[in-house]
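Structure first, commentary second.
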Amino acid sequence: MARHLHRYREIATVLTRHGLYATAVQAGLGRWVPAPVAEGVDETSDVPELLVSAFEELGAAFVKLGQLISTRPDIFPEEYCNAFAKLTDSSAPVPFEELEGVIEADLGVSVDEAYAWFDRVPVAAASIGQVHRARLHDGRSVVVKIRRPGVAAEVHEDLDILRTLAGRLVRSSQTLADMDFTRLVDQFSASLRAELDYVVEARACEEIGASFEGDPAVHIPWIDWESTTARVLTMEELSGVRIDDLEALDAAGIDRPVLARQIADMFVSMVFEDGVFHADPHAGNLFIEDDGTIGMIDFGSVGRINETMRRRFATMVLAFSKNNPDAITRGLLEIAPARGALDRALLRSDVARMTDRLDGSTLADIRVDELGSELFAIVRRHRLSLPPELVQLFRMLIIADGLGRKVDPEFDINEALAPLTERLIEERMDPFAWAGRLKDVAVSAAEFGIDLPDFARKLVDRIDSGTLDVHIRASELDPLVARLERTGDRLVAALLVASMVTGGTNVLVAYRDQLGKLVGPAIAAGGAALTGGSAYIAWTSRPRRRR
């Protein structure tokens, strides 16, 4: 803490000045400031609004954290998400003289040697870097993103501080503990540290570009690696009409219904064909070029979703297409396990109320934003742990749906999702898809076999202690039940828990000797499943051809 002493004082002062003294105290910063008299601050103002104004003053890391909060309605209440959505990453430009040294240090030559022409006036300025137009010596037009001097050190310091503050807040607030706020800050920290490195963004741009290679409808900029480093990013300049400039689109003769469908197809393809997608497709990042091609820029926020998660998300899509609350509940728990005790009956009831409000609609009738809002509310209410990549996916689909409807009021993103649903139904019977599922089951079975001896040993130790009143915590049962449920045998899980709880000490004592016999077969079964599954996968594996 000593090396960050000045910054701790500054954060405490800013929070107090914005009427958040209680928050400063809760975060362990009360020692740095006297009890408040914050002039000009309305003490009755909403805390979310006060936090927004404080985060704006505290700089890049806090602004980015606020923006993250605005995208997590599965964790934070609606009023916080709405308030933090007002935060923008724009910032006052840095004089070019301060950036010139960054270019020269990283590229090893002067700006005029690196580029045939360089516009010293920025076209955009954000908290981490700013963008300038330039031209390479071969005549190609580019944009150059340059990281602000000293911003990396400032962000790293604030991230260290935020980790400490998050730990204190979690210890003093059960609500934040239930949110697993420390883990959220850790994920945010890793993401923001990566964002400081422009090489990461450049590689993501090329990865998505490779997915659309040969597709005339989509234009992803190329990277000039000779003038790209961790602090300097040089990429092709794209130009055209902003996708939300409807008058310009009409003047250019763009068929807006066709364009809206192309947008949807583009994002659905990124997610379900390649598993890598642009996670922030707002209107400022999409341009329509003269020939109608969709140009996409800014790959600082990229989402990734693996095959397993795509399959689970597909299960949810299929469950919604059938308007089946039981299947939706099961699918939801597969992608978002509970962070604590779970009332499954209440969860199923909430899901059923959601499907009732959909009023028997087909998948094509469901609006993504309404569905997302309903799902996030259920996830938050039942303290389910939705993976960050799925949050990014839902957010991306909501943004894409909004853009499509702005371009074409009759647009329905589910027209792009419908063929996917049909394909998923076919792939459920694909032997190669079953191979992947068999691998998951085999691994879960093996893990169960490994975990069971330790669990059984705990039970025996309790009996040997001479205490007949055996207490079994839900937290101790949860890992075992999770292992069983992932193998698909929920009946076995239910019977196991019921026998442990209702049978009590007498059952445990009676079958004490048999516990040892149970361990061996469980391990053997897990090992056999893993061995057989791995052999089958090795035999059937082949490169998948993109459809």
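Numbers here simply count residues along the sequence, with the first being 1. Just so you know, these numbers use all the heavy atoms, side chains as well, and skip hydrogens, waters and symmetry mates.
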If we ignore hydrogens and angles and just use 3.5 Å, is the side chain of [X] paired with the main-chain N or O of [Y] as donor and acceptor?
X    : Y    : value
H18  : L20  : no
S173 : V170 : no
R380 : D74  : no
H278 : D280 : yes
T234 : T228 : no
S191 : Q187 : no
R256 : D250 : no
D46  : P48  : no
R133 : D119 : no

Got a salt bridge between [X] and [Y], using NZ or NE/NH1/NH2 to carboxylate O under 4.0 Å?
X    : Y    : result
E207 : R304 : yes
D186 : R163 : yes
R7   : E10  : yes
D106 : R231 : yes
R140 : E236 : no
E154 : R148 : no
D178 : R383 : yes
K64  : E195 : yes

What pair of heavy atoms forms the shortest contact from [X] to [Y], and how long is it?
X    : Y    : answer
W32  : A12  : CB-CB, 3.8 Å
E289 : G295 : OE2-CA, 4.4 Å
G303 : A279 : N-CB, 3.8 Å
V199 : A230 : CG2-N, 3.7 Å

Quiz question: by atom type and distance under 3.5 Å, do the side chains of [X] and [Y] form a donor-acceptor pair?
X    : Y    : result
H219 : T293 : no
D112 : S110 : no
H156 : R193 : yes

Self-check item: Within-4.5 Å side-chain heavy-atom neighbours: I335 and M309
Solution: yes

Quiz item: Heavy-atom distance under 4.5 Å between the side chains of F277 and V302, does that happen here?
Solution: no

Quiz item: For E307 and R310, what are the C-alpha separation, side-chain angles and deciding distance, and is it a side-chain contact (heavy atoms from CB on, under 4.5 Å)?
Solution: CA-CA 5 Å; E307 183 66 33; R310 288 203 295 269; 2.7 Å; yes

Self-check item: Atom CD of E78: over 12 foreign heavy atoms under 6.0 Å
Solution: no

Exercise. Give a yes or no on this: more than 12 heavy atoms of other residues, nucleotides or ligands lie within 6.0 Å of atom CG of D290.
Key: no

Quiz item: Do the rings of F118 and F96 sit parallel, tilted or perpendicular, given the 30° and 60° boundaries?
Solution: tilted

Exercise. Please work out which of the three classes, parallel, tilted or perpendicular, describes the rings of Y80 and F84, given edges at 30° and 60°.
Key: parallel

